[in-house]
Amino acid sequence: MQVFKSSIEADTSELNWNIEEFETIDKSIDTLLKYLEKDLPYIEKLNFHFLNSTAIWMPRIDQEVFATLTSTDLNIISNTTLKKELTSYYSFAKRRFDIYINRYASIMEDASKNIFSTRFNELWNTKKGAMVPHDYEALKKDNEYLYFLRSLKHQLWFYIREPLQNAKKRADALLESLEKEYRKLEQK
């Protein structure tokens with residue numbers, strides 16, 4: 001069970017990092033929408049927000065520990081409730097979490113081919129920390145780009161932020177259950 005605990009603690013650390021990163025992406029989208037929709041003048045810091053709004057981090061939940069245990073014998077865990085929690089956590093990771101993350105990545109991949117390529121000088125210039133628009137004034141009136149940004153805000157929540165929060169909540173609950181089980185075993 002210590003292997004599970006270590007794996008879930010590592011998941012939690014990665015989930016926390018991704019939650020923070022995707023919050024910055026959400027804020028970048030808000031900033032861009034504010035500037036574009038309110039017809040505000042171009043400022044250089046927007047280049048960072050254009051870049052950041054397109055970031056694709058690929059959060060993951062390490063499923064190898066569970067796969068290894070299920071291929072041998074999951075019955076070494078005698079606590080039925082804990083076993084169900086573990087199974088539920090890894091089932092969520094495999095079915096919903098991974099699928100949603102990949103859908104979001106597909107959205108961004110499609111946008112890089114069909115939207116960004118005609119509106120920006122390049123995608124993800126991390127050395128400069130910027131994505132520079134060809135014509136900022138045209139972006140303000142670009143219904144396709146504005147639609148993309150508004151939709152991305154919702155897709156970011158649905159495909160990334162909500163699953164990350166859900167995974168974090170599940171991981172925290174599972175760690176608490178594992179701790180309780182350890183304490184019971186130590187008392188025996």
Side-chain angles (χ1 to χ4, degrees), residues 8-62 89 92-175:
I8 296 166
E9 286 171 342
D11 289 347
T12 301
S13 178
E14 182 166 336
L15 290 167
N16 287 334
W17 184 87
N18 277 284
I19 287 168
E20 289 177 22
E21 287 302 312
F22 281 104
E23 282 177 11
T24 71
I25 293 169
D26 199 34
K27 288 176 184 172
S28 285
I29 294 169
D30 286 341
T31 299
L32 292 173
L33 286 170
K34 174 183 152 189
Y35 271 79
L36 295 170
E37 292 175 341
K38 293 187 177 191
D39 196 24
L40 297 175
Y42 173 81
I43 57 173
E44 198 170 316
K45 81 170 186 174
L46 291 175
N47 295 341
F48 165 78
H49 294 295
F50 286 121
L51 171 82
N52 198 45
S53 69
T54 66
I56 303 176
W57 300 108
M58 296 298 289
R60 61 185 285 281
I61 293 173
D62 184 4
Y89 176 74
F92 165 79
K94 188 173 189 171
R95 292 197 175 102
R96 187 166 171 227
F97 190 81
D98 285 354
I99 290 169
Y100 280 17
I101 300 301
N102 288 329
R103 281 185 187 161
Y104 186 80
S106 293
I107 290 165
M108 296 309 289
E109 193 174 301
D110 182 63
S112 74
K113 292 177 199 166
N114 300 311
I115 295 176
F116 306 142
S117 63
T118 59
R119 291 163 176 89
F120 295 91
N121 64 338
E122 60 188 318
L123 184 64
W124 301 332
N125 185 336
T126 54
K127 286 184 182 178
K128 293 181 183 176
M131 240 173 84
V132 181
H134 294 305
D135 185 347
Y136 175 74
E137 292 302 317
L139 274 183
K140 292 178 184 179
K141 298 170 187 73
D142 186 335
N143 287 329
E144 184 179 18
Y145 182 71
L146 290 169
Y147 173 85
F148 168 76
L149 264 184
R150 288 181 199 115
S151 299
L152 186 62
K153 178 124 178 98
H154 302 295
Q155 292 163 330
L156 178 67
W157 180 85
F158 187 77
Y159 290 128
I160 301 290
R161 295 191 67 202
E162 192 279 331
L164 279 170
Q165 293 293 340
N166 192 341
K168 173 82 167 82
K169 191 182 310 178
R170 288 170 180 262
D172 288 344
L174 192 49
L175 283 172

What are the two closest heavy atoms between P133 and L139, and how far apart are they?
CB-CD1, 3.6 Å

Just how far is it from atom OG of S151 to atom CG of L146, taken to the nearest 0.5 Å?
10.5 Å

Is K168 salt-bridged to D172, cutoff N-O under 4.0 Å?
yes

Taking all non-hydrogen atoms of both residues into account, name the closest pair between E109 and I56 and its distance.
N-CD1, 4.4 Å

One should read off an interatomic distance between T12 OG1 and L15 CG, to the nearest 0.5 angstrom, of 6.0 Å

Just verifying a value: how many Å separate F97 CZ and L164 CG, rounded to the nearest 0.5 Å?
4.5 Å

Quick one: pull up OH in Y35 and NZ in K45 and give me the separation to the nearest 0.5 Å.
4.5 Å

Is the Y100-F158 ring centre distance short of 6.0 angstrom?
yes

Can you classify the ring geometry of Y136 versus F50 as parallel (below 30°), tilted (30 to 60°) or perpendicular (above 60°)?
perpendicular

Geometric cation-pi criterion, R119 with Y145: 6.0 Å, 45°:
no

Do you know the tightest heavy-atom contact between M131 and L51?
CB-N, 3.6 Å

Looking only at non-hydrogen atoms, find the nearest pair between M58 and E14 and report the distance.
O-OE2, 4.0 Å

So which atom in P59 and which in W57 form the shortest heavy-atom distance, rounded to 0.1 Å?
CD-O, 2.9 Å

At what distance, to the nearest 0.5 angstrom, does CG of L156 lie from OH of Y159?
12.0 Å

Please report the C-alpha distance between I101 and R60 in whole Å, then the side-chain angles of each, then the deciding distance to 0.1 Å, and finally whether the side-chain contact (heavy atoms from CB on, under 4.5 Å) criterion is met.
CA-CA 8 Å; I101 300 301; R60 61 185 285 281; over 6 Å; no

Partner of D11 under side chain to side chain contact (heavy atoms under 4.5 Å, CB included), chosen from I61, L175, L174:
I61

Backbone N or O of T24 within a donor-acceptor pair of the N52 side chain at under 3.5 Å?
yes

Could you grab the distance from atom CE of M108 to atom OG1 of T54, nearest 0.5 Å is fine?
5.0 Å

Between D142 and A138, is there a donor-acceptor pair closer than 3.5 Å when you use the side chain of the first and the backbone of the second?
no

Minimum heavy-atom distance between L149 and I29, given as atom pair plus value
O-CG2, 3.7 Å

side-chain contact (heavy atoms from CB on, under 4.5 Å) between H49 and K34, intermediate numbers included:
CA-CA 12 Å; H49 294 295; K34 174 183 152 189; over 6 Å; no

Could you walk me through whether K153 and D26 pass salt bridge (charged side-chain N to carboxylate O under 4.0 Å, His left out), step by step?
CA-CA 7 Å; K153 178 124 178 98; D26 199 34; 2.6 Å; yes

One pair to check against side-chain hydrogen bond (donor to acceptor under 3.5 Å, both in side chains): D135 and Y42. What are the steps and the verdict?
CA-CA 10 Å; D135 185 347; Y42 173 81; over 6 Å; no

